[in-house]
Amino acid sequence: MIDIRLLRNEPATVRAALARRGNPELLVQADAVLDLDAHSRDIVAHRDSLRAEVNEVSKQVGALLKAGDVEAAEKLQDISRSLGDDQRRLAAEYDELQASIRDLLLRLPNLPHPDAPDGAGEADNPVVKGPVNMPAEFGTHQRVPHWESATALGILDNERATKISGAMFTMQRGLGAMLSRALCQYALDQMADAFEEIRPPSLVTTATLTATGQLPKFADDAYSIERDDLWCIPTAEVPLTSIYAGEVLDEVQLPIRMTAYSPCYRREAGSAGRDTRGMLRAHEFDKVEILAVASPEQGPALLNEFVGRAEALIAGLELPYRIIEICTGDMGQSHHRSFDIEVYAPGCDSWLEVSSVSWFSDYQARRADIRYRVAGEKGTRIANTLNGSALAVPRVWAAIIENHRQPDGSIAIPAVLRPYLRGTVSIPSR
RNA sequence: GGAACGGUGGCAGAGCGGACAAAUGCAUCCGCCUUGAAAGCGGAAGGCUCACAAGGCCCGGGGGUUCGAAUCCCUCCCGUUCCGCCA
């Protein structure tokens, strides 16, 4: 949620920043918020002065009753009653306005960082690094889509996954299943030097899913369990961000760094038929996430560090990759600045997004009400949040199968993963 | 799921219809004292809105009763204990 005070005090700045996202509708919404806000401020001033009168008169009533002057007290009670009625009417109006403002504000996206590149959409995302590890050419044995090779090796069984759960569910078997788990453990171990490992709940409340920005606007993308008013998390970012919701931290605690493995659930409502083969897009997948609650000043350095960490994981797996920056027209609702890491998959002949690292400025923290106190300073400040996928399992899994496929059809296991696969060096051909 | 009891400031804990933003203790901060510290003494200090004004709001959330609610009523949530069920 953007700061309504910023919108109020510097409407031109906010409008200019929103305009960079390329959706004129956003400016209309921002203006609507400004109108409602001005109106609501008039009303609340009036309401408060009525309340002040009621408070004053009530005090006098108390004093008169104590003094035994019942008649005078009753007169004042009549006055107070009618002031109270007026006050209640204004209060109701104010509450309605506030609800409308909040609803609009929750749907308004974050302001892009000044350094984020301008652009209209995906095609305008600049490559900021790479390709790295890209061979001059790929062998024909690498040009096989993983859903064919992995199925033949008996490590992927999507046909039965579909029987069990329907379309867009996947199932790995044997060394394939172990490879998924190995990737998680590899990522967690690589983050262990600087991040506290968390095992968060996978089902969360509506308030929790609202804090990170998925609700109210993107309700269709999430699985809901209506009977219990719970939602399946689309990423560990959701529970991790809300760990400190409603709390006031000390500046010295920042940044708080956390990492978590979690299953992720996505309805993929708008993406039917796109990249749905094999492991490219599924309703349920595993991911290791990294997250920080920080001060605004710590944001840029952490963003850099997070990108570096995600990159190091991919580089360690000996995969060809590149880093792109997300332009203003392609940026997610909550994002302030974002980078993606893409891995090249020769079998699919495409770049797969395997990691997304973002700085949210105070957009999520304001929704979640995560604040911090600066020593010697009165009041509190809203924190910043950052997060990134350390490693999203399925696409990395697919990239390993395709890139590391040998001429005999076996799959070479990258050295860093072998300890997690009980020493397995390769997945043998059949 | 059932029953009982609870939810008050950083923590503990009083208040249970009127002068309560809320006693007290601990913790915190600032003085004094001290070579320095502790102890002792004196003082300061909650959050939100907002212009660090005035005013308003905040005693788990929401609603109600009342001239007036931390205090009474309803409802929901959470916690503790007991019972039931259960990996």
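Computed from a prediction, not measured in an experiment: that's the story for all the values here. A, B, ... follow the sequence lines: proteins, then strands. Residue 1 opens every chain.
Without hydrogens or angle criteria, N110(A) side chain to S334(A) main chain gives a donor-acceptor distance under 3.5 Å. Remark: side-chain polar atoms of W231(A) are not paired, donor with acceptor, to backbone N or O of S202(A) under 3.5 angstrom. In this structure a side-chain-to-backbone donor-acceptor pair under 3.5 Å is present from Q298(A) to L254(A). Within the 3.5 Å criterion, the main-chain N or O of A116(A) finds a donor-acceptor partner in the side chain of R20(A). The main-chain N or O of G347(A) is found under 3.5 Å from a side-chain atom of E402(A) such that the two form a donor-acceptor pair.
Rounded to a whole angstrom, the distance from the C1' atom of rU65(B) to that of rC72(B) is 8 Å. Between the C1' atoms of rG62(B) and rA14(B), the separation comes to 27 Å (whole Å). Look at the P atom in both rA27(B) and rC11(B): the space between them is 16 Å, to the nearest Å. Separating the C1' atom of rA87(B) from that of rC73(B) is a span of 42 Å, rounded to the nearest Å. Separating the P atom of rG31(B) from that of rA38(B) is a span of 12 Å, rounded to the nearest Å. Comparing rC41(B) with rC52(B), their P atoms are spaced 37 Å from each other, to the whole Å. Nucleotides rU81(B) and rG43(B), compared at atom C1', are 44 Å apart to the nearest Å. The gap from the P atom of rA44(B) to that of rC78(B) amounts to 42 Å, rounded to the nearest Å.
One can place CD of E247(A) at 17 Å from P of rG47(B), the figure rounded to the nearest angstrom. Rounded to whole Å, the distance from CD1 on I43(A) to C1' on rG55(B) is 17 Å. The distance from atom CG of L230(A) to atom P of rC78(B) is 10 Å, rounded to the nearest whole Å. Whole-Å rounding puts the D250(A) CG to rG47(B) P distance at 13 Å. Between the CD atom of E251(A) and the C1' atom of rU28(B) there is a distance of 17 Å, given to the nearest Å. Straight-line distance from the CD1 atom of I382(A) to the P atom of rG47(B): 14 Å, rounded to whole Å.
Contacts between residues 6-15 of chain A and RNA chain B, defined by a heavy-atom separation under 4.0 Å, are made by R8(A). Only R47(A), D48(A), R51(A), A52(A), N55(A), S58(A), V61(A), G62(A), listed by number, bring a heavy atom of residues 44-64 of chain A to less than 4.0 angstrom from any atom of RNA chain B. In the region residues 72-106 of chain A, proximity to RNA chain B at under 4.0 angstrom, judged on heavy atoms, holds for Q77(A), S80(A), R81(A).
Between R47(A) and D86(A) there is no salt bridge, since none of the side-chain N atoms of the basic residue sits less than 4.0 Å from a carboxylate O of the acidic one.
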Based on Watson-Crick and G-U pairs with both distances under 3.5 Å, what dot-bracket line describes RNA chain B 5' to 3', crossing pairs as [ ] and inter-strand pairs as |?
((((((((.[[[..)..(.....]]].(((((.......))))).((((.....)))).[[[[[..)....]]]]])))))))....
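With W397(A) as reference, I155(A) is the one residue of L391(A), I155(A), D286(A) to meet the side chain to side chain contact (heavy atoms under 4.5 Å, CB included) rule.
Here R5(A) reaches the OP1 or OP2 of rC50(B): one of its side-chain N or O atoms lies under 4.0 Å away.
In this structure, H335(A) has its ring center closer than 6.0 angstrom to the ring center of F360(A). Centroid-to-centroid, the aromatic rings of W359(A) and H113(A) come within less than 6.0 Å. Aromatic pair Y372(A)/Y244(A): ring centres not closer than 6.0 Å. Within the 6.0 Å centre-distance limit, the rings of H283(A) and F169(A) are counted as a close aromatic pair.
Here the shortest heavy-atom pairing between R395(A) and V354(A) reads CB-CG1, 3.8 Å.
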Show every donor-acceptor pair shorter than 3.5 Å between a side-chain atom in residues 71-85 of chain A and any protein atom, with sequence neighbours excluded, or say none if there are none.
{"from": "D78(A)", "atom 1": "OD1", "to": "R81(A)", "atom 2": "NH2", "distance (Å)": "2.9"}
{"from": "D85(A)", "atom 1": "OD1", "to": "R88(A)", "atom 2": "NH2", "distance (Å)": "3.2"}

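Evaluation of the side-chain hydrogen bond (donor to acceptor under 3.5 Å, both in side chains) test over residues 413-428 of chain A, restricted to residues two or more places apart or in two chains, returns D189(A)-Y420(A).
Note that CD of E93(A) and OG of S40(A) are 9.5 Å apart. Values are rounded to the nearest 0.5 Å.
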